[in-house]
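Below: the structure, in structure tokens.
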Amino acid sequence: NNFSSTMSDININISTKTIFKILGIGLILYFLYLVWNIVVLLFVALILAALIDPFADWFQKKRIPRALAVLLIYVVLLGILSLSVALLAPVITHDLPQLLENMEKFWSDLQNNDFWQKLVGGVNVLQTSLSSYGLGAQDGAVAAGSGGVESTISGVFSTISGFFGGVFSLVLVLVMTFYMVVQEDPLKKILRSIIPDEYIPWCSKMMRKMRDKLGAWLRGQLVLSLIIGVLVFIGLSVLGIKYALVLAILAALLEFIPYVGPVLASLPALFLAFSMGGAVKLLFVLLMYVIIQQLENHLLVPKVMQKAVGLNPIISISVLLAGAQLAGVLGILIAIPVATALSVLLQDLLQ
């Protein structure tokens with residue numbers, strides 16, 4: 001009786017203002033979900049602006065207008081990219097098909113191996129056993145070829161629309177980056193139009209902190225990728241592994257994906273080493289990648305990435321998986337920058 005009387009005395013009062021606030025936050029989150037593609041482009045533009053902003057400041061000190069400075073930076077970056085493509089394209093177009101052909105041959109030989117066949121047979125037996133208990137993966141394969149000409153035409157149109165959509169997104173990101181760097185404190189102008197005046201100083205401070213951290217992360221990551229690519233190229237060349245340049249470029253690109261990227265980059269080189277020289281060559285290549293990874297973890301990362309926000313490995317892997325689940329490859333690429341920006345916000349809120 002005492003308990004029931006106590007429960008009956010509990011009153012929960014929620015004001016109308018609080019209800020409207022909750023509804024407003026929900027509507028904002030739903031709107032961001034609907035336009036998440038635009039939000040991603042805006043975030044990418046923010047990262048590029050953070051990368052370019054220090055160079056624009058240096059040009060401004062030399063009395064060169066920021067608008068002209070950004071255009072000069074664009075021209076220099078485009079020139080570097082064009083020169084890199086001109087130098088690397090012949091090598092990549094010559095080596096990449098051969099690399100894929102060798103990988104396919106290795107995979108074919110592996111499938112004919114007795115041990116591999118026994119391993120695959122064991123996995124199939126396990127999958128059959130799980131399926132009998134309703135735990136196996138469902139076979140969702142659909143027979144191809146039913147679409148005929150219509151599917152071919154739709155595939156061509158989707159490819160064309162995807163290409164032009166990518167070009168349009170790139171141009172849009174460059175335009176947004178230009179205005180973010182050129183305008184005087186553009187983040188404050190954006191915030192002024194969407195949040196109350198009393199919160200603008202704090203939000204502007206947070207946005208500046210996020211931009212600085214993202215810029216430090218991207219600049220450090222570019223330097224780190226370049227160093228890893230050079231080390232992998234030198235190591236594979238010394239060991240006599242074919243297609244060293246292609247494998248080094250792959251290692252540099254996958255360096256943007258922490259923990260998982262270096263492992264994925266080493267797999268083609270290990271397969272190729274085994275097909276060229278057996279277990280001995282594979283062991284040397286594996287040792288080379290381990291040494292480079294240890295050098296990166298204990299020397300390069302503390303020096304190059306000292307200004308970037310360090311994330312816990314468990315958090316990094318979790319956000320990578322979440323990014324892959326939500327947006328595929330694009331989600332993997334922007335997962336760490338997003339987590340870095342959120343960590344700045346959470347650190348300030350906890351303080």
Side-chain angles (χ1 to χ4, degrees), residues 25-26 28-33 35-54 57 173 176-177 180-181 185-188 190-191 194-195 199-225 227-228 253-264 293 296-351:
I25 292 173
I28 291 173
L29 293 176
Y30 180 68
F31 176 75
L32 291 177
Y33 170 75
V35 297
W36 76 272
N37 288 325
I38 300 175
V39 174
V40 168
L41 293 180
L42 185 62
F43 188 75
V44 173
L46 179 64
I47 296 175
L48 290 179
L51 173 67
I52 295 174
D53 201 57
D57 291 338
V173 166
M176 289 191 293
T177 302
M180 282 186 179
V181 178
D185 204 354
L187 297 176
K188 183 178 287 188
I190 296 173
L191 295 173
I194 59 176
I195 65 173
Y199 298 117
I200 287 179
W202 180 81
C203 290
S204 180
K205 181 186 71 173
M206 283 297 96
M207 293 296 286
R208 279 196 301 271
K209 282 186 177 181
M210 291 180 185
R211 186 185 62 184
D212 293 341
K213 290 296 182 182
L214 288 173
W217 170 82
L218 183 55
R219 288 188 292 271
Q221 192 63 57
L222 288 172
V223 173
L224 193 62
S225 296
I227 295 174
I228 295 298
L253 293 176
L254 290 179
E255 189 63 29
F256 277 84
I257 305 175
Y259 308 107
V260 182
V263 176
L264 295 177
Q293 187 66 29
E296 175 190 358
N297 292 336
H298 296 95
L299 181 62
L300 296 178
V301 170
K303 293 294 182 183
V304 176
M305 303 292 283
Q306 58 185 350
K307 292 184 179 180
V309 175
L311 296 175
N312 185 281
I314 297 177
I315 295 177
S316 299
I317 295 173
S318 299
V319 297
L320 285 173
L321 293 175
Q325 182 70 25
L326 293 174
V329 177
L330 179 61
I332 293 175
L333 293 176
I334 68 171
I336 298 299
V338 170
T340 301
L342 290 178
S343 69
V344 175
L345 177 63
L346 290 176
Q347 285 175 5
D348 189 85
L349 291 176
L350 291 175
Q351 289 174 0

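Any value given below was found using the heavy atoms of this structure, including those in side chains, with hydrogens, waters and symmetry copies removed.
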Response to the item:
CG of D53 to CG of L48, rounded to nearest 0.5 Å, is 12.0 Å
Worksheet, complete the sentence: Smallest heavy-atom separation, T177 atom then A49 atom, equals CG2-N, 3.6 Å
Worksheet entry | From L218 atom CG to I52 atom CD1, the distance as rounded to the nearest 0.5 Å | 9.5 Å
Discussion item. Applying salt bridge (Lys or Arg N to Asp or Glu O under 4.0 Å) as the test, list every pair that has at least one member in residues 40-52; sequence neighbours left out.
Written reply: none
Worksheet item: Do F256 and L224 touch side chain to side chain, with heavy atoms closer than 4.5 Å?
Response: no
Worksheet item: Where is the tightest heavy-atom contact between Q221 and E255, given as atom of each residue plus distance?
Response: NE2-O, 3.0 Å
